[in-house]
Amino acid sequence: MQIGLVGLGKMGGNMRERLRNAGHTVVGYDTNPERADVDSLVELVDRLDRPRAVWVMVPAGGATQHVIDQLATLLKPGDTVIDGGNSRWTDDEKHAEELGRRGINFVDAGVSGGVWGLKNGYALMVGGEKETVDDLKPVFDALKPDGPYGYVHAGRVGAGHFSKMVHNGIEYAMMQAYAEGWELLEKVDSVDNVREVFRSWQEGTVIRSWLLDLAVNALDEDHHLEKLRGYADDSGEGRWTVEAAIDNAVPLPAITASLFARFASRQDDSPQMKMIAALRNQFGGHAVEAAGKAEK
């Protein structure tokens with residue numbers, strides 16, 4: 001299958017490679033010409049046979065809107081735009097309406113897998129009309145992990161990004177729990193090998209997980225996380241999850257507390273946030289701040 005891919009950063013570039021490894025034809029465009037296969041969106045669209053499918057993998061908000069606005073003028077009725085970034089689900093509804101007026105299909109895809117997706121595959125949560133989603137199934141099958149799981153058609157437009165938002169909210173709470181446990185273990189005098197305690201949990205315990213594996217990786221690289229500043233950013237999904245919970249009167253105390261803990265990290269050098277920062281760097285390649293660096 002042919003597909004255009006806009007945005008070839010940490011995830012988009014690996015997605016292009018995984019799709020090509022599965023035998024698909026990918027035409028990639030990025031504002032960094034060293035990454036791109038073509039020089040412009042116009043050339044990308046011209047290189048694809050109709051009906052075209054173009055996957056957008058750029059930061060949520062203004063950048064995504066800008067690309068979709070351009071594609072709306074370049075694509076034709078029957079073509080499809082897939083937004084695979086971390087857009088807010090309400091933006092999906094707007095984009096579907098804007099493109100739909102031109103006869104262009106829209107699909108939203110929540111994508112999880114970070115910098116490990118090339119090797120392990122990407123978990124995909126997809127929203128859109130069934131016929132359009134089914135037409136794209138070969139692409140989804142190539143990107144998803146091997147085996148029966150890792151892909152779901154979650155519902156109508158917006159359902160994919162809403163599901164990914166909730167996924168990330170859960171992720172916030174899980175990381176916070178590991179971070180709190182790590183700080184407590186580091187604090188007491190009786191435990192003198194916290195890294196190996198974490199490692200011992202990787203087999204046979206009910207809290208084993210990929211995040212725990214990544215925590216051990218981080219501790220192997222920096223035994224006490226002394227190189228990191230206790231500061232952790234948030235990319236928006238945690239806030240949106242809490243806002244959606246308020247709108248729907250659903251109590252989310254653990255996720256809400258984990259979001260507020262990140263806000264607190266920006267005031268002081270928080271030991272727990274060293275672990276949160278380390279985990280975000282491990283699974284997503286997110287930037288970390290060196291210990292001793294003062295926030296401007």
Could you tell me which non-hydrogen atom of Leu136 sits nearest to which non-hydrogen atom of Met1, and how far apart they are?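 Scanning both residues, the minimum pair turns out to be CD2-CE, 3.7 Å.
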For Leu118 and Tyr122, work out which heavy atoms get closest and say how close.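 Heavy atoms only, the tightest pair is N-OH, 3.5 Å.
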Distance only, no hydrogens: is a donor on one side chain within 3.5 Å (strictly under) of an acceptor on the other, for Asn168 and Lys164?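 Yes, a side-chain donor-acceptor pair sits under 3.5 Å.
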Tell me, please, which residues at least two apart from Trp240 pass ring-ring contact (aromatic ring centres under 6.0 Å, His included).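 Scan of Trp240 (ring-ring contact (aromatic ring centres under 6.0 Å, His included), adjacent residues dropped) gives none.
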With sequence neighbours left out, what residues match Tyr151 under ring-ring contact (aromatic ring centres under 6.0 Å, His included)?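 ring-ring contact (aromatic ring centres under 6.0 Å, His included) list for Tyr151, sorted by chain: Phe140.
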Pairs touching residues 110-132 that satisfy salt bridge (charged side-chain N to carboxylate O under 4.0 Å, His left out), sequence neighbours left out: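 Checked against salt bridge (charged side-chain N to carboxylate O under 4.0 Å, His left out) - neighbours excluded - the pairs reaching residues 110-132 are Lys130-Asp134.
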Tell me which pairs pass salt bridge (charged side-chain N to carboxylate O under 4.0 Å, His left out) where either residue lies in residues 193-202, with sequence neighbours left out.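 Only Arg195-Asp220, Glu196-Arg199, Arg199-Asp220 qualify under salt bridge (charged side-chain N to carboxylate O under 4.0 Å, His left out).
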Report the residue from Thr90, Asp92, Asn86, Asp91 that forms a side-chain hydrogen bond (donor to acceptor under 3.5 Å, both in side chains) with Arg88.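 Of the listed residues Thr90, Asp92, Asn86, Asp91, the side-chain hydrogen bond (donor to acceptor under 3.5 Å, both in side chains) partner of Arg88 is Thr90.
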Side chains of Glu186 and Leu225: does their closest heavy-atom pair fall under 4.5 Å?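 Glu186 does not reach Leu225 side chain to side chain.
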Tell me whether Asn32 at atom CG has more than 12 heavy atoms from other residues, nucleotides or ligands lying less than 6.0 Å away.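 Atom CG in Asn32 is crowded, with more than 12 foreign heavy atoms closer than 6.0 Å.
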List for me each residue that meets side chain to side chain contact (heavy atoms under 4.5 Å, CB included) alongside Phe263, sequence neighbours excluded, and say none if there are none.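 Scan of Phe263 (side chain to side chain contact (heavy atoms under 4.5 Å, CB included), adjacent residues dropped) gives Asp234, Arg239, Leu259, Phe260, Arg266.
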By side chain to side chain contact (heavy atoms under 4.5 Å, CB included), which residues pair with Asp247, not counting sequence neighbours?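 For Asp247, no residue satisfies side chain to side chain contact (heavy atoms under 4.5 Å, CB included) once neighbours in sequence are set aside.
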Salt bridge Lys274-Asp222, side-chain N to carboxylate O under 4.0 Å: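 Asp222 and Lys274: not salt-bridged.
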